[in-house]
Amino acid sequence: MFEVAVIEDPAAAEVSLDPVRARLLAELAEPASATMLAAKVGLARQKVNYHLKTLEQHGLVELVEERRKGNVTERVMRATAASYVISPTALAAVAPDPGHSPDHLSARWLLAVASQLVRDVGALITGASKAKKRVATFALDGEVRFASAADRAAFAEELANAVATLVSKYHDETAEGGRDHRVIVAVHPSITHDTPQNETKEF
């Protein structure tokens with residue numbers, strides 16, 4: 001089981017968004033049979049079996065083992081991942097494009113960049129899985145508390161200059177066998193679960 005899987009197929013995305021099937025996927029973080037799941041979700045075993053077959057057809061659950069009980073063969077299933085992300089590829093016709101009106105200070109442009117990140121990394125994971133290889137990536141995730149909007153602006157300027165310096169140092173357009181890499185750096189206000197979103201500060 002993967003920690004995170006990306007759903008790229010529109011039909012699979014539609015299946016995963018059904019409330020009942022989403023609940024079954026959550027329950028199947030641990031292997032279970034239709035009978036076991038029926039007791040947990042309050043549905044008839046036949047109904048659960050129907051949903052499981054649909055999820056299996058779209059690669060969202062997989063068979064772990066089969067157990068023989070009398071004249072019945074019980075299938076034990078498990079989700080293919082602990083959690084899922086739906087790629088913008090699933091909505092290709094309306095997927096965000098960061099190339100349209102790039103504005104480094106726009107939250108919506110940041111969202112478009114993040115969507116592109118999900119799409120691209122999802123495609124890399126899919127390709128790497130088929131080739132049975134790993135994807136070379138790197139990420140940073142942290143928090144910084146600014147005393148003022150001016151401090152935040154100064155931080156953003158210094159960060160942009162530092163990244164530009166590093167890119168200039170290591171970028172080699174003429175390197176034979178080299179591979180291009182995308183660099184994305186984002187800064188946005190943190191969301192805390194104990195603070196209503198409509199009470200977040202302006203700066």
Side-chain angles (χ1 to χ4, degrees), residues 1-10 12-14 16-17 22 25 59-60 80-193 195 197-198 200-203:
M1 174 189 284
F2 298 111
E3 183 62 31
V4 182
V6 180
I7 299 174
E8 298 176 307
D9 178 57
E14 182 179 0
S16 70
L17 290 172
L25 283 175
L60 299 174
T80 53
S83 56
Y84 297 88
V85 175
I86 297 178
S87 169
T89 302
L91 293 170
V94 291
D97 182 359
H100 294 162
S101 22
D103 179 356
H104 295 264
L105 300 179
S106 166
R108 296 188 187 279
W109 185 72
L110 173 57
L111 188 61
V113 171
S115 296
Q116 178 178 270
L117 177 65
V118 172
R119 183 199 68 196
D120 291 352
V121 175
L124 288 169
I125 289 174
T126 299
S129 295
K130 291 178 180 178
K132 296 183 178 180
K133 294 182 178 181
R134 299 183 65 183
V135 182
T137 61
F138 172 76
L140 285 174
D141 183 20
E143 291 194 20
V144 55
R145 187 180 182 89
F146 298 114
S148 66
D151 283 353
R152 184 187 61 198
F155 174 87
E157 183 176 358
E158 288 188 44
L159 180 60
N161 290 336
V163 172
T165 298
L166 282 171
V167 169
S168 177
K169 178 179 179 180
Y170 289 101
H171 179 67
D172 188 346
E173 191 70 38
T174 62
E176 291 187 14
R179 182 172 184 180
D180 292 338
H181 285 68
R182 181 173 295 279
V183 178
I184 296 174
V185 180
V187 178
H188 65 80
S190 299
I191 299 295
T192 56
H193 295 292
T195 303
Q197 293 188 26
N198 60 356
T200 55
K201 295 181 179 179
E202 287 297 325
F203 83 83

Could you check if a side-chain atom of [X] sits within less than 4.5 angstrom of a side-chain atom of [Y], using non-hydrogen atoms only?
{"X": "V85", "Y": "V4", "value": "yes"}
{"X": "P10", "Y": "L91", "value": "no"}
{"X": "V113", "Y": "I184", "value": "yes"}
{"X": "V6", "Y": "T126", "value": "no"}

Open item on the list: Go through it in stages, so that I can follow the logic: the residues are L60 and I7, the test is side chain to side chain contact (heavy atoms under 4.5 Å, CB included), and I'd like the CA-CA distance, side-chain angles, deciding distance and then a yes or no.
Closed with: CA-CA 9 Å; L60 299 174; I7 299 174; 3.9 Å; yes

Could you tell me whether a side-chain N or O of [X] sits under 3.5 Å from a main-chain N or O of [Y], the two making a donor and an acceptor?
{"X": "S115", "Y": "P88", "result": "no"}
{"X": "S83", "Y": "E3", "result": "yes"}
{"X": "Y84", "Y": "A13", "result": "no"}
{"X": "H188", "Y": "A186", "result": "no"}

Open item on the list: Looking at every heavy atom in both S87 and E8, which two are closest together, and how far apart are they?
Closed with: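 Minimum heavy-atom contact is CB-CG, 4.0 Å.
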
Open item on the list: Which heavy atom of F155 sits nearest to which heavy atom of V187, and what is that distance?
Closed with: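 It is CE2-CG2, 4.1 Å.
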
Nearest 0.5 Å please: distance from the [atom1] atom of [X] over to the [atom2] atom of [Y].
{"X": "S129", "Y": "F2", "atom1": "OG", "atom2": "CZ", "result": "4.5 Å"}
{"X": "D9", "Y": "I86", "atom1": "CG", "atom2": "CD1", "result": "11.0 Å"}
{"X": "D120", "Y": "T89", "atom1": "CG", "atom2": "OG1", "result": "8.0 Å"}
{"X": "R182", "Y": "T137", "atom1": "CZ", "atom2": "OG1", "result": "15.0 Å"}

Task: Summary of ring pair (Phe, Tyr, Trp, His ring centres under 6.0 Å) pairs that have at least one residue in residues 98-134, sequence neighbours excluded - done: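 Qualifying pairs: H104-W109.
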
TODO: Report the C-alpha distance between L159 and V185 in whole Å, list the side-chain angles of each, state the deciding distance to 0.1 Å, and finish with yes or no for side chain to side chain contact (heavy atoms under 4.5 Å, CB included).
DONE: CA-CA 9 Å; L159 180 60; V185 180; 3.4 Å; yes

Open item on the list: Between D103 and S101, do the side chains contain a donor N or O and an acceptor N or O under 3.5 Å apart?
Closed with: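 Short answer, no.
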
